[in-house]
Amino acid sequence: MVPAARLKRVNFPDYAELHCHSHFSFKEGASSVEQLVLRAGELGYRALALTDHDNLSGAMQFAQVSRSLGLHGIVGVEFTLKGGHHLTALAETAEGYSNLCRLLSYSHVLSQERTEPALDPNLLPQHGRGLIVLSGCRKGEIPSLVQLGNMDEARDAAKRYTDLFGIQSFFLELQQNLVAGDTRRNRRLADLAGELGIGVVATNSIHYHVREYHQLQDCLVAIRHCKTLEETHQERRPNSEFFLKSPQEMAFLFKDCP
């Protein structure tokens, strides 16, 4: 936990969390839509995105609860692509929301495994209008390449996404969950963004609204993999930092890249 005295040195009132999972990320997200939205309000958020894994099941509920509390709710999805990489997409317009729905339909219908939807990246050019796209968590294509040190391939992938969605609608996603490798990966991503003129955004890959729910999330992951807690060290989150942090905490974590 960041000491409160140190947080006061940073002013970052307009942070919006753009990568957030509810319990509609089945057997992965530990908090309800209401818990996430209420917590965001308590922390002073003006906007929050819901980006559940490969579905929009919570979108209507999220929109209603957000509106009732005066929070700007942003609807999105974290897609699983064929090959296993992740990609975060947010609906900027009504057309974008329609395209999210179409892409999800394709990812479920065309997937060989009914319970494991996977989107063919070749469908993105046809249905990319009205979307804002982030490069994804550490399982995203570009972050994965950067993590491995394959900077030429990461550069080519970043250019491909900017050509596809436009320089104003594609961003490199930085995540600092205090996991080994986060700092180095973020620095490389920031350098790549500067080189190519791509914007960067900070997210926290939210899987529960408060830290105390990390144990519930661990149990859900164990259930998902039909294993005991002791057997799921590799599948579970590496620590308890994947909760909805305050704007001040996020500002402190990214003070070197405001």
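Not measured: the values here are computed from a predicted model. Excluded from the calculations below are hydrogen atoms, water molecules and symmetry mates; all remaining heavy atoms, backbone and side chain alike, are included.
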Quiz item: So how far is it from Y45 OH to S246 OG, rounded to the nearest 0.5 Å?
Solution: 7.0 Å

Quiz item: Can L220 and F26 be said to form a side-chain contact (heavy atoms from CB on, under 4.5 Å), step by step?
Solution: CA-CA 8 Å; L220 291 173; F26 303 110; over 6 Å; no

Quiz item: Is a salt bridge present between R160 and E141, judged by a nitrogen-to-oxygen distance below 4.0 Å?
Solution: yes

Quiz item: Is a donor on one side and an acceptor on the other found under 3.5 Å between the side chain of Q217 and the backbone of E28?
Solution: yes

Self-check item: Distance, nearest 0.5 Å, that separates NE2 of H214 from CG of D218
Solution: 6.0 Å

Self-check item: Distance-minimising heavy-atom pair for N204 and E241
Solution: ND2-O, 3.0 Å

Quiz item: Is it true that a side-chain atom of S169 and a backbone atom of G166 form a donor plus acceptor pair closer than 3.5 Å?
Solution: no

Exercise. Not counting sequence neighbours, which residues clear side-chain hydrogen bond (donor to acceptor under 3.5 Å, both in side chains) with S98? List them please.
Key: none

Self-check item: Backbone N/O of L123 and side chain of Q126: donor-acceptor pair under 3.5 Å
Solution: no

Practice problem: First locate atom CD of Q175, then atom SG of C137, and finally report the distance between them rounded to the nearest 0.5 Å. | Solution: 6.0 Å

Quiz item: If only atom types and distance count, is the side chain of Q61 paired as donor or acceptor with the main-chain N or O of G58 below 3.5 Å?
Solution: no

Quiz item: Looking at side-chain heavy atoms only, is the closest gap between V75 and Y97 below 4.5 Å?
Solution: yes

Which pairs of donor and acceptor atoms, one on a side chain in residues 76-87, lie under 3.5 Å apart (sequence neighbours left out)?
{"residue": "E78", "atom": "OE1", "partner": "H19", "partner atom": "NE2", "Å": "3.2"}
{"residue": "E78", "atom": "OE1", "partner": "H21", "partner atom": "NE2", "Å": "2.9"}
{"residue": "E78", "atom": "OE1", "partner": "H53", "partner atom": "ND1", "Å": "3.4"}
{"residue": "E78", "atom": "OE2", "partner": "H86", "partner atom": "ND1", "Å": "3.0"}
{"residue": "T80", "atom": "OG1", "partner": "D54", "partner atom": "OD2", "Å": "2.8"}
{"residue": "H85", "atom": "ND1", "partner": "K139", "partner atom": "O", "Å": "3.2"}

Exercise. Please report the C-alpha distance between V201 and L134 in whole Å, then the side-chain angles of each, then the deciding distance to 0.1 Å, and finally whether the side-chain contact (heavy atoms from CB on, under 4.5 Å) criterion is met.
Key: CA-CA 8 Å; V201 295; L134 315 181; 3.8 Å; yes

Quiz item: Within the distance-only criterion (no hydrogens, no angle test), does the side chain of N186 pair as donor or acceptor with the backbone N or O of L174 below 3.5 angstrom?
Solution: no

Exercise. Evaluate the ring planes of F165 and Y161, with Trp represented by its six-membered ring, and classify them as parallel (under 30°), tilted (30 to 60°) or perpendicular (over 60°).
Key: parallel

Self-check item: P125 versus L164, closest heavy-atom pair with distance
Solution: CA-CD1, 3.2 Å

Practice problem: Check the surroundings of atom CE in M151: do more than 12 heavy atoms from other residues, nucleotides or ligands lie under 6.0 Å from it? | Solution: yes

Quiz item: With hydrophobic residues grouped by side-chain heavy-atom distances under 4.5 Å, do I206 and M250 end up in a single group?
Solution: yes

Quiz item: Got a sec: does the CD of E95 have more than 12 other heavy atoms crowding it under 6.0 Å?
Solution: yes

Quiz prompt | From S66 atom OG to L69 atom CG, the distance as rounded to the nearest 0.5 Å | solution = 7.5 Å

Exercise. Apply side chain to side chain donor-acceptor pair (under 3.5 Å) to Q248 and Y15, showing your working.
Key: CA-CA 9 Å; Q248 291 79 16; Y15 176 75; over 6 Å; no

Quiz item: For the residue pair A154 and V146, what are the closest heavy atoms and their distance?
Solution: CB-CG2, 3.7 Å

Quiz item: Distance from H207 atom NE2 to L36 atom CG, nearest 0.5 Å?
Solution: 11.0 Å

Practice problem: Treating Ile, Leu, Val, Met, Phe, Trp and Tyr as nodes and any side-chain heavy-atom pair under 4.5 angstrom as an edge, say whether F62 and L56 lie in one connected cluster. | Solution: yes

Quiz item: Would a 4.5 Å heavy-atom cut-off, applied to side chains only, mark L18 and I74 as touching?
Solution: yes

Exercise. Ignoring hydrogens and angles, tell me if any N or O in the side chain of R185 forms a donor-acceptor pair with the backbone of Q147 under 3.5 Å.
Key: no

Quiz item: So if you build clusters from Ile, Leu, Val, Met, Phe, Trp, Tyr with side-chain heavy-atom gaps below 4.5 Å, do L189 and L196 land together?
Solution: yes

Quiz prompt | Transitive ILVMFWY side-chain link L172 to L145, under 4.5 Å | solution = no

Quiz item: Could you go step by step and tell me if E153 and I142 meet the side-chain contact (heavy atoms from CB on, under 4.5 Å) rule?
Solution: CA-CA 8 Å; E153 294 179 51; I142 299 171; over 6 Å; no

Quiz item: Charged N to carboxylate O under 4.0 angstrom, D182 versus R138?
Solution: yes

Quiz item: Would you call V33 and L50 a side-chain contact if the rule is heavy atoms closer than 4.5 Å?
Solution: yes

Practice problem: Is it possible for you to say whether L103 and F170 belong to one hydrophobic cluster, with membership spreading through side-chain heavy-atom contacts below 4.5 Å? | Solution: yes

Self-check item: Any donor-acceptor N/O pair, T51 side chain to C20 backbone, under 3.5 Å
Solution: yes

Quiz item: In terms of ring plane angle, is the pair Y208 and F243 parallel, tilted or perpendicular, where the classes change at 30° and 60°?
Solution: parallel

Self-check item: Closest approach of N99 to R129 (non-hydrogen atoms, all atoms of both residues)
Solution: ND2-O, 2.8 Å

Self-check item: Closest non-hydrogen atom pair between L244 and L43, with its separation
Solution: O-CD1, 3.4 Å

Practice problem: Answer yes or no: is there a donor N or O on one side and an acceptor on the other, between the side chain of S31 and the main chain of H209, under 3.5 Å? | Solution: yes

Exercise. State plainly whether the residues D152 and R155 are in salt-bridge range, i.e. N to O under 4.0 Å.
Key: yes

Quiz prompt | Distance-minimising heavy-atom pair for C257 and V200 | solution = SG-CG2, 4.1 Å

Quiz prompt | Trace of the side chain to side chain donor-acceptor pair (under 3.5 Å) decision for E173 with T203 | solution = CA-CA 7 Å; E173 190 172 349; T203 73; 2.8 Å; yes

Quiz prompt | Side chain to side chain, I198 and L192, heavy atoms closer than 4.5 Å | solution = no

Self-check item: Side-chain donor/acceptor of H127 to backbone N/O of L124, under 3.5 Å
Solution: no

Quiz prompt | Donor-acceptor under 3.5 Å (S68 side chain, V65 main chain) | solution = yes

Exercise. Answer yes or no: is there a side-chain heavy-atom contact under 4.5 Å between D120 and Y106?
Key: no

